[in-house]
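Worksheet for the structure shown next.
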Amino acid sequence: MGMAINQLPRIREECEVFHLSEKQCREIMSRLHNDLVKGLGKDSHANSIVKCWITYIQDLPNGKERGKFLALDLGGTNFRVLIINLGENHFDMQSKIYAIPNHIMTGTGIALFDHIAECLANFMKEHFVYEERLALGFTFSFPLKQLGLTKGILQRWTKGFSCSGVVGEDVVQGLKDAIARRGDVQIDICAILNDTTGTLMSCAWKNHNCKIGLIVGTGSNACYVEKTENCELFDGEPGKPELLINTEWGAFGDDGTLDFVRTEFDRDVDVNSINPGKQIQEKMISGMYMGELVRLALVKYTRMGLLFGGRGSDLLYERGNFYTKYVSEIESDKPGDYTSCMEVLEELGLSHATEADMAGVRHVCECVSRRAAHLVSAGIATLLNKMAEPRVTVGIDGSVYRFHPHFHTLMCEKIAQLVRPGIQFDLMLSEDGSGRGAALVAAVACREREVQA
Ligand code: GLC
């Protein structure tokens, strides 16, 4: 065998495009801050890219909620139905995951809601509550213009969904109609909420400092507690000093704001997605796209002769074949060990990879995931600075944050660098994200109804 030239330095050089300097992060923060302010403003809201929807969730749980509640969780890779029993200082929860087949994700809204209602009814049978009348919280993780706690108009689909006849419609009504079409179960839909909100609520049940909810999963988004006086947009009763805002920051960059840091790989992912031009920030961060970004970079470096002796594989050259979970697996290998990396490359038909190739592949993964962590951190630091509270806990969920071995640490370091001196923060993994959150919101809503009655 001839002496192979070590290409790692050239791969490192190429990967510089993924690096965000501190200065760039600060520029991103100031742009995001402007967009948030625009989203919250009465006159600027309509043209704002970052929408800052008001959630109409009025109270955080106080730990005194009791009873049996149902919850639905739609919007990631899985659809879940849950039943939760809230007791004193403990809760018990059972849930089941149902598939949303591809033809339903991209079919009609009616078929989607009928499918959800059917899963719900089956679940109720299996858990012996088919005959009961129960309250339900619905986590629906897409941009909703909320008109109340139980009314939300879908603004756009994200993350690969595209059911017809739902954009511009009230999603709660859609589900109610489907339940009525069946006519067999009795459900009170008490609340519809975003997964970020569910995550925040779920964490706030135990930790009263929790004022930001973050998802880094299939998609990327955050919600936070804002002073009512900063929300011109809000035209409800002023009563409460604070409101919970769903930023929908995944759309940040849709007007070109992030072009100064985007790469050819980001443009490729976007152009080939089902929603080109939309959710630009999300496409640089989240699990639905991260693996594909890595794959595109690997393909380019292979064609340049920097990887695999210039010999790729059919699988590598085909879209969607590099899963985001591979990034977490590859980066979980100890330094100098490439066990997972080798498995992944074998799966992709690249068993001719040398150790130098594996080091290169790992480096690409690290650069793409680190950039994602830094972008999320810039977002969180923007919120922390805007809130200007001495100490805030961020409740976090999502597959990327949960399974990537370094995401948490990368975020802690970066946020600490970007946040204003004197502001402290904690990053807390939500134990059961948005599902339990939805049940809690339903519980709080019921608590309030009883008080009013
Ligand atoms: C997408 C959705 C948003 C959700 C996020 C995380 O960005 O638009 O509502 O919170 O994904 O699931």
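For the single chain, residues carry numbers from 1 onward in sequence order. Just so you know, ligand 1 is whichever comes first in the structure, and atom 1 is the first atom listed for that ligand.
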Return yes if a side-chain donor-acceptor contact under 3.5 Å exists between Lys145 and Asn246, otherwise no. no
Please verify whether a non-hydrogen atom of Thr218 lies at under 4.0 Å from ligand 1. no
Residue part near ligand 1, for Ser220, under 4.0 Å between non-hydrogen atoms: backbone
Crowded around Lys300 NZ? As in, over 12 foreign heavy atoms under 6.0 Å? yes
Looking at Tyr130, is Lys125 sitting on its ring face, NZ or CZ under 6.0 Å from the six-membered ring centre and within 45 degrees of the normal? yes
Whether the Gln173 and Lys176 side chains hold a donor-acceptor pair (N or O, under 3.5 Å, no angle test) is what I'd like checked. no
List every atom of ligand 1 that sits less than 4.0 Å from any heavy atom of Thr158, numbering the atoms from 1 in the order shown and giving each element. 1 (C), 2 (C), 8 (O)
If you count the atoms of ligand 1 from 1 in the order shown, which ones are under 4.0 Å from a heavy atom of Glu248? 2 (C), 3 (C), 8 (O), 9 (O)
So, do Phe79 and Asp73 sit near enough that their side-chain heavy atoms are less than 4.5 Å apart? no
Using a 4.0 Å cutoff against the non-hydrogen atoms of Asn221, which atoms of ligand 1 qualify? 3 (C), 4 (C), 5 (C), 9 (O), 10 (O)
Atom 11 (O) of ligand 1: the protein heavy-atom neighbour that sits closest, reported with distance to 0.1 Å: Lys159 NZ, 3.0 Å
For Pro143, take its heavy atoms, then give the atoms of ligand 1 lying under 4.0 Å from any of them. 8 (O), 9 (O)
Tell me whether Glu27 is salt-bridged to Arg31, with the criterion being a basic N under 4.0 Å from an acidic carboxylate O. yes
Atom indices of ligand 1, in the order listed, that fall short of 4.0 Å to a heavy atom of Ile215: 6 (C), 12 (O)
Report yes if some N/O of Glu282 lies less than 3.5 Å from some N/O of ligand 1; otherwise report no. yes
Touching ligand 1 at all, Ser141? Heavy atoms, strictly under 4.0 Å? yes
Under the 6.0 Å and 45° cation-pi test, does Lys159 pair with Phe142? yes
Please check whether Asn246 reaches ligand 1 - meaning an N/O of the residue sits under 3.5 Å from an N/O of the ligand, judged on distance alone. no
Distance only, no hydrogens: is a donor on one side chain within 3.5 Å (strictly under) of an acceptor on the other, for His404 and Glu331? yes
So, does Ser340 use its side chain to make a donor-acceptor pair with the main chain of Ile330 at under 3.5 Å? no
Examine ligand 1 and decide if any of its atoms is less than 4.0 Å from a heavy atom belonging to Arg156. no
Measuring from the heavy atoms of Gly219, does anything fall under 4.0 Å of ligand 1? yes
Atom 4 (C) of ligand 1 - nearest protein heavy atom and its distance: Asp195 OD1, 3.4 Å
